[in-house]
Structures are given as C-alpha cells and as structure tokens.
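Contents: one structure, followed by commentary.
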Amino acid sequence: MGEWTVLVYLCGSDLESNHGFASLDLEEIQMCKAPVAFADALNAAEGVAEKQPRNDVNLLIETGGSRQWHTEALDFSIASDSLQRWRYDYVGRSFSLEATLPLQNMAEPDTLADFIRWGVKTCPAKKYALVLWDHGGGAKTGLFIDELYDGDTMYINEIGDALRDIGVHFEAVLFDACMMANLETAYQIRESANWMIASEEVVPGEGTDIKGWLQELLNNPGMDGRELGRCVCDMTEIRYANMEDRQYEALMTWSVIDLSRIERMAKAFDDFMAAIGDAYASDPSLLVTYASQLNQAEFYDNGREGMRDIGSIFYIPNSNAVTDVKLRGEVLNALSEAVVYVVRGIGRSESRGLSFCYAVGFDEKALDVYSRSCPCPHYMAFLDAVSDWTAPDWVYALANRLPELNTLDDYQITIEKRRRDNGMPACYVSWDEEALIGDVNYCLYRRDEATGQIISPGRNVCRQIIQKDGALWSAIDPGHWAAVEGVTCSIDVVAATESYCLYNIPVRIGSVNWNLRCGRSYTRYLSEKYIEQYTPSEYIIFGLWEGYDNNSEIPNRNILPLAQMAGQEFRLLYPVYGASASGRTTYESSDDMTLYRVLKVEEQPLTPGTYYIDYDIIDIFQRRYELERVEMYWDGEQFTYPEDMVWEGIVTINRR
C-alpha cells in the first residue's frame, strides 16, 4: 500500500488534438523522478548502504476523448480509438500501458467511476487524489468535452453522483479545468473528498504546474490535501510569472476549499438569498441595492456562464451594505472557513476563492440543468420568480413561492428616447427607475459603400449624463474608435466594473480566429460634470485567447502571450451583420499586419461614411432590450442625421 495514489482522468478533447496540451502535461510528468530518502543518502555517503529511491506515490492515468494525440516527444503512443490506462514509473521515468478498453464517452459518469474503481484496486493507498483534466464551464455547463462523442459534457450533479456511487473517499480533488471553484461543485462532491483545488477563472491549456506539485508530493508524501492544494496554487502562480504570461498572470485565480465546511457555506448563502427573496416581495428599494451588489460582484470569463465571486458581493467600495449585519457576518465567516488558501492576479483582485452561478439571465433549459446541482432552495425560488422557468417541486417544500416579476409594477423600467444637443440619440430614465438599470452599452455599425454590407466595429459602455429628474445614457464618443497600430479594429466590451473594462478584439492568425484580450482602466459611467477633467488610461493588450468551443460554448483554454506568436502575420476581423443564413458569424478582414510582442491600441477618428448606432439595455435581472438602430453620417468631425429620422417615444421593459 502506497502513501498516495494519484488518479489522472485525462480527457484530451480538442485541447490535445488541436494544440497538444495533454501531451505537454505528460511530458512534464516524465520530468518527475523518485526522490532519495535523506537518511539513506547520508548512509550511502558514509559507505554504509546503497541509496534506495522512494516510491510512495502511485500515478495512474486514463486517456481518451481526443481525435489525435501528439506524443512524438514521448517514448510511447496513445490510441485515439480506445481508452487506455497507464502507470508512471518514477524510477525509470517511463509510462507503462496497464489496460486497453473499448472506446467510451469520457463525459459519462460511469466511465469516470470505472476508472476510479480500477485505480483504487490496482494501487491501494492511504490517501487518494483525483485530477480531472479538460475543459470546464462552471456550474451551468459542467466539465469535459469528449470530441469523439459530439462534444458531450458531464454536468456537475453527474460528477457528484459518480463520486458518491463508487464509495471512495479522496484526500483531494483537483479540477485542472476552467471555472470550477464554485459553491455548486464543492457541494456536489463534499461527501467524497476532504479538499477541493480549483480555479474561478479560465485556465490556460498548460493548466497547473503538474511537474512542480507532483515532484513536491514525491518529495513529501506525508503532506495532506490542504498542503497539496497550497502547493498546486503556489507553483502554478510561479509558473506563469516565470513565463511572463501577462494575460494569465493578471487574470489567474486558484483556491483550496475545505469540503467539510461547505454545508455551512451553502446554508449561509441560501439564507442570504432568502433575504433577497423577502426584499423582492416586500421592499423594492432594498432589492435594488441587493441586486446592484450582485451585479457588481467580480465575474469570470466574460460573464456568459454567470460565475461570480461570493466574497466580492460584500466588498464593493462606496456601496450601501443593506444586508443584516448578522447574516452578512455569517456568510463571510463561512466563506473564510471554507476557502483556506487563495492566489490571484492583479486583474482578479476581488477573488475570494469561491464563486456561485448568478443564473438570472439563463433560459429554461439551462435553469433545468442548473437546478440539479444548486443546493439553495430560496435561490431557486427567486430564479423562478424573475424568469419564465418553473422550479421543481422540491424547492417549494423548503421555500415560499414568490410573485412573478412581470406582475410587479415596481420592477418595470420606462425608457424615454431623447436626443442630445448635438443630435445624438440617447436613453433617458427617471431617478425612480434608474437604479433598476444594470448595463447600457452602445453598438456601432458602418456601411461598406462598395458592397452594401453592414460591418460592426463593436460595442462599448455608455456615459451616464446626470440631469435634474433622471439620467441620460449616451455613447461616449462614437466618432472615435479603438485602433491597433493605427488601424481601426472591431472591439467588444465583455466585462465592465466601476473602474475597469475588459475587451475582445477579433483577429485571424493563419487560418485560426483569436481574440486580443485588452483591458482599460475606465470610469464606467462618465459624469458630464467631470468629463473634461477625466482622461482614461491607455488600452493594454494582455495576450491572445481562442474564444469558445463551437459545440459546447465552453471557454477555450488556448491562451497565449503575444511573445509566443510574435513575428507572425495577422489580420483584424470585422463581423459582418446578417451575412450568414446559418447564424454563424462571418468576417471582413484588414490587410496583413505584423504581430509584435507589444501592440499599441489607441483611439482615433473613424473614417467618413454612413454609420448606425443602437443601444443594448440590461436591467438588474438581466432582462435585455435592444432599441432600434439609427442611421447617421460621419464627415470626420461630426455626425449628421437624416431629416426624417424619428427618435422619440416610450419603451417599457416588462418581459424577459
């Protein structure tokens, strides 16, 4: 019986077939070697005995889920038409094939469970660690993409079921995948492990520093799961700092979670959601403050998966803390007990190591899936009230039913379309309803005079202009737009806080579409009173990100620093509106440009021509409304509008 058995469930997916990331991890494992006991080394130095290498840690791996494996640098090959099980020999630093099985779906719980049973029987140990390696999408989407089975994924509740059914108790479960450090996942596996190690944010393809933490486990097999987790966090942080990967170094989060404390955390969070439900039904002004805090909490990826940091709900500068003091203290105390260690980048400074899924913008199918893993009935009741979805019966055995959102006048928003002095269309909201607004963005389009196609330069945040009785939301300066090395680009705001915006700029390198990840310190709602005194900071490009998996829409782990691609040719991409009947985005492109280690992004005047603008309004419950598009002509200095342009009237947001 060994001290540890580490089971690595390696679902290669497109991460391996397209990029070879899984094989890179296997190469890193092969760098690990068996240590020599200190006492044995001293004896050998005195000629008393030969040095005996220790082998207290067994490592077993299952491979599958990928069309192609790139093991050219290794001394063995991996089959893509079967599942294979491997053992790593630290002394010989080699992999031996232990079993070959018929091809199975690695996103099926039974496949995972069978591997664990085999691993525990093959190499019994005092402590077990499970490493789940592949894509991750948070509490809604789950884990793994088996590209041999139409990109199938494993939902969070299925992971919990698989681990419970086999009856093995793990010292630690490591999610080497994106966005899995969340309350829902921790709750599902709480009975099956002592410690959980995961990231709240997107994880690069190389993932954790496996050669670092595995070697440290070999050197110190007496460590427990908490010490192993701290080692994973620290050595992964060091790895990307040494790589000078500005993107991941800035956006990194890793945490160690005590699963024995997660039930208290889930109870405290559900009590918080019960208070929100009470406010929803009885005190609209109180709910607005609650919802504002939820909307401002730090979120991960670009927010589409709904993952938000729990701790940052309560740490918002200049925000009223309306939560009951005792309840607020209980949530934060439970959080500090559950999350015992965190590392974070400067761009993720609000991370406290554990997120939850803010699912108010999900459709009915996604909410059905999410309800299978969410441990909070009062939260489920709230989601039922603010959406068209109906919660399952078990929810109302534990929580009261809330009134439907569309029946409550207090949560309807009346938007008046107005024009500013310069003719620019804008959206006016009274102070009584302004607090219900979550985000207002403007989208810009231009007409290609040669082809008649409508091209999109992108989307940006709006300025809030303070008026006597309300607020006017308007484009900041649509006549100026971001340009990369002097060439106007398409830029899309994907995350905005009170002081910072994160953007994607689509580009193509060779035949592959990427996004330049771009950040900017920026006052989100620039007040007219202070606009002349305020100068936003420069845009900063962090690196390249490949976007989303086409089938599952899980965020891709292919994240690269610019230096890794420097010297190659690239083209800026511009989405063409309505050009594809299939619904897939098609693009126009710029001329060839050279990718430098540092790219300069700054705003410059648009070229003269016909443009269009529309506004995208999202309320605090993630209800979205797009106002109609308006035509305008830019002569290089100012916009003019058609004489027959109509921009007036009232719009009410009262349905999802």
Side-chain angles (χ1 to χ4, degrees), residues 5-34 55 57-107 111-112 114-116 118-119 122-123 129-136 143-149 151 174-177 203-215 217-218 236 239 243 510 512 546 549 556-560 564-565:
T5 290
V6 179
L7 303 171
V8 181
Y9 193 67
L10 196 63
C11 180
S13 70
D14 64 312
L15 294 177
E16 174 61 20
S17 60
N18 291 345
H19 311 293
F21 287 136
S23 292
L24 286 175
D25 271 20
L26 293 173
E27 290 178 37
E28 290 190 12
I29 290 172
Q30 204 165 34
M31 297 178 189
C32 297
K33 56 186 177 180
N55 193 9
V57 180
N58 300 300
L59 178 63
L60 300 174
I61 305 167
E62 178 156 296
T63 57
S66 181
R67 292 191 303 268
Q68 183 181 4
W69 290 82
H70 302 274
T71 55
E72 295 82 2
L74 301 168
D75 57 359
F76 68 98
S77 60
I78 297 176
S80 59
D81 58 355
S82 61
L83 292 184
Q84 292 182 308
R85 291 170 176 170
W86 308 84
R87 185 202 300 258
Y88 180 61
D89 175 15
Y90 301 101
V91 178
R93 296 170 74 173
S94 61
F95 294 89
S96 61
L97 180 61
E98 300 291 303
T100 298
L101 305 175
L103 189 65
Q104 298 174 57
N105 184 352
M106 290 196 79
T111 309
L112 172 61
D114 188 62
F115 168 61
I116 295 171
W118 170 82
T122 302
C123 293
L130 176 65
V131 180
L132 302 175
W133 190 101
D134 191 24
H135 288 286
L143 190 67
F144 306 121
I145 299 177
D146 191 318
E147 64 177 359
L148 301 177
Y149 287 85
L174 166 59
F175 289 90
D176 204 331
V203 173
E206 295 92 335
T208 62
D209 182 18
I210 191 167
K211 68 179 183 299
W213 63 257
L214 182 57
Q215 185 65 60
L217 183 62
L218 290 167
T236 302
R239 171 192 183 134
M243 289 173 61
V512 180
E546 200 174 354
D549 176 78
N556 202 300
R557 287 175 56 174
N558 199 11
I559 298 171
L560 299 176
Q564 192 165 329
M565 305 284 273

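Residues T208 and E28 are not in side-chain contact: their nearest non-hydrogen atoms beyond the backbone lie 4.5 Å or more apart. No side-chain heavy atom of H19 sits less than 4.5 Å from a side-chain heavy atom of L24. Side-chain contact check for W86 versus L26: every heavy-atom pair is 4.5 Å or farther apart. Residues F175 and V203 have side chains not in contact (no heavy-atom distance under 4.5 Å, counting atoms from C-beta outward). Side-chain atoms of N558 and V512, non-hydrogen and from C-beta on, never get closer than 4.5 Å to each other. A 4.5 Å side-chain heavy-atom check between V6 and V8 finds at least one atom pair inside the cut-off. No side-chain heavy atom of D134 sits less than 4.5 Å from a side-chain heavy atom of L143.
Side-chain polar atoms of E98 and T122 form no donor-acceptor pair below 3.5 angstrom.
By the ring-ring contact (aromatic ring centres under 6.0 Å, His included) test, Y149 is found to be paired with no residue, residues two or more places apart in sequence or in another chain being considered. For Q215, the side-chain hydrogen bond (donor to acceptor under 3.5 Å, both in side chains) criterion is met by N219, not counting sequence neighbours.
A salt bridge links D114 with R85: the closest approach of a Lys/Arg side-chain nitrogen to an acidic carboxylate oxygen falls below 4.0 angstrom.
A donor-acceptor pair under 3.5 Å is formed between the side chain of T111 and the backbone N or O of N105. Under the 3.5 Å distance criterion, the side-chain polar atoms of R87 are left unmatched by any main-chain donor or acceptor of L60. At distances below 3.5 Å, at least one donor-acceptor pair connects side-chain atoms of H70 with backbone N or O atoms of E16. The backbone N or O of L148 sits nowhere less than 3.5 Å from a side-chain atom of R67 that would complete a donor-acceptor pair. Q84 contributes no side-chain N or O that, together with a main-chain N or O of T100, makes up a donor-acceptor pair within less than 3.5 Å. With hydrogens and angles disregarded, no donor-acceptor distance shorter than 3.5 Å links the side chain of S17 to the backbone of Q68. Distance alone, capped at 3.5 Å, is enough to place a donor-acceptor pair between the T71 side chain and the F76 backbone.
Ring pair F144/Y9 is perpendicular by interplanar angle, where above 60° counts as perpendicular and below 30° as parallel.
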* Dump the intermediate steps for side chain to side chain contact (heavy atoms under 4.5 Å, CB included) on W69 and S23, then the final yes or no. => CA-CA 7 Å; W69 290 82; S23 292; 4.3 Å; yes
* Apply salt bridge (charged side-chain N to carboxylate O under 4.0 Å, His left out) to R93 and D75, showing your working. => CA-CA 10 Å; R93 296 170 74 173; D75 57 359; over 6 Å; no
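Separating the CG atom in L7 from the CZ atom in F115 is a distance of 4.5 Å, to the nearest 0.5 Å.
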